[in-house]
Amino acid sequence: MSLLAKVFSHKKKHLVGHHLVLNELKIPKHLAIIMDGNGRWAKKRHMPRVAGHKQGMETVKTVTKLASSAGVSVLTLYAFSTENWSRPKDEVSFLMKLPVTFFDTFVPELIEQNVRVETIGDINALPEATKKAVYDAKEQTSQNTGMVLNFALNYGGQKEIVDAAAVLAKKVQEGEMAVEDINPAAFAAELTTGFLGDLADPDLIIRTSGEERLSNFLPYQAAYSEFYFTPVLWPDFDQEQLELALESFTKRDRRFGKV
Ligand SMILES: Cc1cc(N2CCCCCC2)n2ncc(-c3ccc(F)cc3)c2n1
């Protein structure tokens with residue numbers, strides 16, 4: 001039986017610091033994933049790139065259920081970056097339909113899993129149908145109290161930081177706050193992850209497909225995150241791969257800058 005299956009089979013739980021430990025597997029409170037490798041997955045199979053994106057969406061469903069069952073509090077998925085608009089028009093058009101397809105087929109399971117949908121990024125700039133699907137899903141799951149499934153959609157980390165700085169500057173300019181009041185908590189509250197409070201910073205960031213860079217994903221929040229890079233392509237990421245990532249996370253000795 002796989003380790004993660006063992007984790008699920010008999011959940012002996014205890015806490016180490018603020019982390020849940022399930023049968024010796026440390027579970028990150030906030031897990032973030034850069035879901036890379038969808039185009040390559042399709043190319044290896046002589047299929048169009050969009051076939052990789054479609055299969056990647058199925059992996060989103062699988063990993064959402066696994067993370068929720070394992071006790072993850074927040075799962076943030078990098079679905080579409082501000083840089084993705086420069087992809088071919090037909091690919092962008094297909095990608096913008098995926099949130100609609102996702103919710104058409106998965107909202108009942110999200111509700112069954114008590115999962116709440118949230119988003120970070122400029123949703124208002126998305127096509128109307130995409131925007132409506134996202135707002136409807138957020139509304140339909142807003143009362144759920146389990147894992148937060150947080151999609152980074154039309155998200156860019158550097159823009160997020162600049163926008164937060166601008167908000168604070170305006171508050172000082174209008175006398176709403178003093179410069180001396182600008183501290184990490186006040187800054188973090190202006191980021192798009194502010195609604196997550198103490199859970200805003202990912203404990204573990206997974207990136208698939210072998211690339212080892214952050215790509216403008218949560219640059220402020222990732223200051224003390226653990227990273228797990230795997231050559232596995234996102235559509236092939238499954239329970240066993242998640243288990244390997246969590247095993248690696250369990251062995252990390254996090255310092256948060258201290259000795
Ligand atoms: C743009 C895009 C691409 C997208 N891919 C599938 C996963 C791999 C990454 C690229 C393609 N997925 N997968 C799920 C969503 C989604 C987004 C927001 C939402 F509220 C519900 C679902 C999604 N969105």
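None of the values given here were measured: they were computed from a predicted structure. Just so you know, ligand 1 is whichever comes first in the structure, and atom 1 is the first atom listed for that ligand.
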One thing to verify: whether Lys65 and Glu109 come together as a salt bridge, which I'm taking to mean a side-chain N less than 4.0 angstrom from a carboxylate O. yes
Hey, is Lys170 close enough to Glu176 for a salt bridge, meaning N to O under 4.0 Å? no
Using a 4.0 Å heavy-atom threshold (strictly under), name the region of Asn38 that reaches ligand 1: side chain, backbone, both or neither. side chain
Once you restrict to heavy atoms under 4.0 Å, what part of Leu95 touches ligand 1? Side chain, backbone, both or neither. both
Using a 4.0 Å cut-off to any heavy atom of [X], which atoms of ligand 1 qualify?
X      : result
Phe103 : 19 (C), 20 (F), 21 (C)
Val134 : 20 (F)
Leu153 : 1 (C), 18 (C)
Phe102 : 21 (C), 22 (C)
Gly56  : 6 (C), 7 (C)

For Tyr155 and Glu160, which I'm curious about, is there any donor-acceptor pair between the side chains at under 3.5 Å? yes
With Met147, the side-chain contact (heavy atoms from CB on, under 4.5 Å) member among Leu110, Val74, Thr64: Thr64
Applying salt bridge (charged side-chain N to carboxylate O under 4.0 Å, His left out), which residue pairs with at least one partner in residues 75-88 are found, sequence neighbours left out? Arg87-Glu91
What residue and atom, counting heavy atoms only, is the protein's closest point to [atom], and at what distance?
atom                    : answer
atom 23 (C) of ligand 1 : Ala79 CB, 3.9 Å
atom 17 (C) of ligand 1 : Phe151 CD2, 3.5 Å
atom 5 (N) of ligand 1  : Leu98 CD1, 3.4 Å

Cluster link Leu98 to Met47, ILVMFWY, side chain under 4.5 Å: no
Residue pairs fulfilling ring-ring contact (aromatic ring centres under 6.0 Å, His included) with at least one residue in residues 103-141, sequence neighbours excluded: Phe102-Phe106
Non-hydrogen side-chain atoms of Ile111 and Asn144 separated by less than 4.5 Å: yes
Option whose closest heavy atom lies nearest to atom 6 (C) of ligand 1, chosen from Lys97, His53, Lys138: His53
Any atom of ligand 1 sitting under 4.0 Å from a heavy atom of Tyr78? no
